[in-house]
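To keep things clear, I will list the structure first and then write my remarks on it.
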Amino acid sequence: MEESLIEKFVFICSPYRPEHWEPEAYAHELAENIKLAKTACWAAARKGYVPMAPHMYFTQFLDDHCEDQREAGRAMGLAWLEDCAEVWVFGDRITSGMAREIACANDIGIPIKIKHTEE
């Protein structure tokens, strides 16, 4: 992929936090959610977009189980959203974090597109 192909920033909106809390199910679902986000980022990059996936970045140094750090990551993610041309929604469910991102995008007039990773 050449740098000249990069068109715009897109916000990747997909589930991160698992619904299941039993340790084995939690670990499996988290791995699947991360895989989906990576696939979504690659789908955007293949089309020449810069994928912005805050849930993939901020969870590398913020603890998603600490509510203060989780909220800080969500706030920083919304700051990224403001610089994006579109929001791409992936996955088969909308989490509370995703709903917040979608509402923010609606409020500031950023187009929202429902996507499938095989596109």
Side-chain angles (χ1 to χ4, degrees):
M1 180 175 339
E2 296 177 25
E3 189 174 333
S4 63
L5 294 178
I6 295 175
E7 295 182 17
K8 57 187 165 186
F9 293 101
V10 294
F11 191 92
I12 303 299
C13 182
S14 67
Y16 182 80
R17 184 180 268 192
E19 292 180 294
H20 303 92
W21 289 100
E22 185 277 317
E24 188 174 313
Y26 183 94
H28 174 75
E29 187 177 350
L30 181 61
E32 288 298 311
N33 290 346
I34 290 170
K35 181 180 175 183
L36 174 63
K38 287 180 177 180
T39 302
C41 287
W42 178 234
R46 273 195 333 262
K47 293 181 183 239
Y49 299 102
V50 179
M52 304 293 280
H55 56 309
M56 296 298 295
Y57 178 71
F58 296 120
T59 56
Q60 298 304 300
F61 59 89
L62 296 173
D63 183 352
D64 195 53
H65 299 292
C66 173
E67 204 52 45
D68 288 345
Q69 291 185 33
R70 179 175 169 77
E71 188 54 37
R74 287 172 137 188
M76 289 185 277
L78 292 177
W80 277 13
L81 177 93
E82 293 175 4
D83 291 331
C84 293
E86 297 175 349
V87 172
W88 290 7
V89 179
F90 292 85
D92 58 1
R93 69 184 173 98
I94 302 294
T95 65
S96 62
M98 292 170 67
R100 186 173 172 187
E101 293 163 349
I102 292 166
C104 181
N106 274 326
D107 288 347
I108 57 180
I110 297 173
I112 299 164
K113 297 184 177 179
I114 307 301
K115 298 294 231 173
H116 303 281
T117 54
E118 54 277 347
E119 291 178 0

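No experiment lies behind these values; they were computed from the predicted model shown.
- Ile34 and Phe11 fall into different hydrophobic clusters, where Ile, Leu, Val, Met, Phe, Trp and Tyr residues are linked whenever their side-chain heavy atoms come under 4.5 Å apart, directly or through other members.
- Tyr57 is linked by a side-chain contact (heavy atoms from CB on, under 4.5 Å) to Phe61, Trp80, counting only residues two or more places apart in sequence or in another chain.
- Between the side chain of Arg17 and the main chain of Asp64, a donor-acceptor pair closer than 3.5 Å is present.
- Going from atom CZ of Arg93 over to atom CG of Asn33 covers 5.5 Å, rounded to the nearest 0.5 Å.
- Without hydrogens or angle criteria, Glu101 side chain to Cys13 main chain gives no donor-acceptor distance under 3.5 Å.
- For His28, the side-chain contact (heavy atoms from CB on, under 4.5 Å) partners are Glu32, not counting sequence neighbours.
- Both Ile94 and Ile110 belong to a single network of hydrophobic side chains, linked directly or stepwise wherever heavy atoms of I, L, V, M, F, W or Y lie under 4.5 Å apart.
- Once rounded to the nearest 0.5 Å, the distance linking CE of Met56 with CZ of Phe58 reads 13.0 Å.
- If you check the side chains of Ser96 and Arg74, you find a donor sitting under 3.5 Å from an acceptor.
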Side chains of residues 85-92: which donor-acceptor partners sit under 3.5 Å, not counting sequence neighbours?
{"residue": "Glu86", "atom": "OE1", "partner": "Trp88", "partner atom": "NE1", "Å": "2.7"}
{"residue": "Glu86", "atom": "OE2", "partner": "Lys8", "partner atom": "NZ", "Å": "3.3"}
{"residue": "Glu86", "atom": "OE2", "partner": "Lys113", "partner atom": "NZ", "Å": "2.9"}

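- The shortest heavy-atom contact between Cys41 and Pro51 is O-CG, 3.5 Å.
- One hydrophobic cluster, built from ILVMFWY side chains closer than 4.5 Å, holds both Ile102 and Leu81.
- Nearest heavy-atom pair, Met52 versus Cys84, reported as atom, atom and distance to 0.1 Å: CG-SG, 3.7 Å.
- Counting non-hydrogen atoms of neighbouring residues, nucleotides and ligands closer than 6.0 angstrom, the CD atom of Glu22 exceeds 12 such neighbours.
- One hydrophobic cluster, built from ILVMFWY side chains closer than 4.5 Å, holds both Val50 and Met76.
- To the nearest 0.5 Å, atoms CD1 (Ile12) and CE (Met98) are separated by 10.5 Å.
- Across all their heavy atoms, His55 and Ser14 have their closest contact at NE2-OG, 2.8 Å.
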